[in-house]
S.K.: 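Okay, here's the structure, questions in a sec.
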Amino acid sequence: MSSPANSQNVGDFVNQLLHHHADDDGRLLQFLIEIQGRYGYLPDEALNLLSQRLRHPRAEIESVISFYSFLHRIPARYRIYFSDNITDRMLGSAGLQQRLRDGLTTSKGVEIASTSCTGLCDQGPALLVNGHAIGLLDHQRIDDIIDLIQRQIPLKEWPAELFSVSNSIHRRDRQMQFDAMPGDALRLALDRGGAWLLQQLEASGLRGRGGAGFPTARKWRLCMDTLASDHVVVCNADEGEPGTFKDRVILSTDAHSVIEGMTLCARVIGAKQGFIYLRAEYRFLLPQLQSVLIQRRQQGLLGKSILGQVGFDFDIDIHLGAGAYICGEESALIESLEGKRGIPRVRPPFPVQHGYRGLPTVVNNVETFWSATRIAIKGAEWFKQAGSGQSAGTRLISVSGDCSRPGVYEYPFGTRIDTILEDCGGSPALAVQIAGAAGNLVPADEFARQLSFEDLPTGGSFMVFGPQRNLMDVLQNFAGFFRHESCGFCTSCRNGTRIVDDIMRRFLTGSACHTDLERLQSILHLMQKSSFCGLGCSAPTAFVDALQKLPAIFDGCLALTDNGPCFDVEASLSESSDLLRERGSDHA
Ligand code: SF4
């Protein structure tokens, strides 16, 4: 339970916080998260003090708060967010949410809402209560939560098993079968030199595991070659793509390898400063990650003169996100690390040239750093013996949805979809969604296709839809997700996501007409061509796939009569203008 807020104790707490971090305004978001963690909301007194001490107008601080879904100005004793990912919906999350609402109608200070994917799709349905994740929800668990809230039991006294998160790893290939000992990769890199390490990475063919697949060695080299007083390493642990949870499993089972990979990168590019940007939904991993950092400092693997090498100084700070999917985009993530709203930056310059606080910065995914550690120890040849064509090695896949064995699987690139479906107990399936809501919707007659950069690239999500599913439900869920997560910066995405969602609702309710179908196609095309960042450009992918490959699901939902235009453009755009005002976007 949070502490009650009064001017005196809020002032003391905020002053201490600011003092501890030398009034560093780049930590604004972290200050807000800590203040909310203490009081359950962001009191006026705290914002006034932050504004004074950090010399930021109060309105600017409010604008940062309004950008992040998990920051609140209104007190609530319990804030409960149900994961609204499609796989949670398929497991009955809407009914469970209603049961909780019904059970708590007379309870005061309880806020119940939905949020995007919480990263527990292998143990859904899931929710967050005051930022803490609870999975495997069923009627009994919901009734237990109702009872705890009605009796006003503080969260820290709730039964620990409610918050237990397990890691279901069903298939280990060469990378997961190998246990990397802390320090082994670093010792080799110090022995043989940064040039050797870069050469190994280059020869291995490792590409970024976040989805875009940029060659890792090239990124590190570009950053290393940019002259600057310092360089920065950032681990993107903002795993927000619906259906993806393999980074959660890596961080909870082998954080040493991830941090060692970051330290290898620091050695190559000459960085002293590193960050792990951890999504708010994975806050439960924070104590464990902090303890790994402490252990590594004690073992001489982080901090000053790493492994006795004078001048090799590198340390890592963990920053939390606050519920904004767009912060998974690397330039938006850097904005958020600097304490601002996570709006993607204009590029070029790219982060490797001008990143965190203007310094050349490498941003890589959790799995990329984890793999770099293995490549340093086992070598490029070992790594690339697995894989296909332009896609070397193995990668981790998060499997969820209609299958009997959801969890994490490691496969060589080039593995066919039907192989994965057999392994996870997902056959026969109607379709699978590769790479989260922004990826490809693959129908059953294409299950011979392969996961690889050449065929179906993926950030690691694999959602299975069984024969009983209505794919229109799936598409409408994706449309709602993008409408919520669009940062509102550019017109085509801000308006496009809202219009697509409105049209999809019409299809779902059987009131769409042919004009809607045509408008949907043209809006999707516009978004792909003119959105500012990857979110807007990739949001149409699943809809375009469905229109091309599964047109019957749209045709079957058209209204029987078509009396001309039935979509209210004015209403949709006026709602979008409201959003623009609300988010204070500066670019239309
Ligand atoms: Fe924001 Fe535009 Fe990117 Fe959409 S495409 S998330 S509105 S910058």
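Read the numbers this way: they start at 1 and go in the same order the structure lists the ligands and their atoms.
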S.K.: Please verify the inter-ring angle class for Phe70 with Tyr81; under 30° counts as parallel, over 60° as perpendicular, anything in between as tilted.
M.R.: tilted
S.K.: Any luck finding a side-chain donor-acceptor pair between Ser114 and Gln97 under 3.5 Å?
M.R.: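 Gln97 and Ser114 do have a side-chain donor-acceptor pair below 3.5 Å.
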S.K.: Would Tyr282 and Glu239 count as having a side-chain donor-acceptor pair, cut-off 3.5 Å?
M.R.: yes
S.K.: Students often mix this up, so state it plainly: with edges at 30° and 60°, are the rings of Phe453 and Phe413 parallel, tilted or perpendicular?
M.R.: tilted
S.K.: Under 2.8 Å from atom 3 (Fe) of ligand 1, which protein N/O/S atoms are there?
M.R.: Cys533 SG
S.K.: Is it the case that Asn365 and Trp370 place a side-chain donor and acceptor less than 3.5 Å from each other?
M.R.: no
S.K.: Determine the sole option in Glu329, Glu338, Glu330 for which the salt bridge (Lys or Arg N to Asp or Glu O under 4.0 Å) test with Arg345 is passed.
M.R.: Glu338
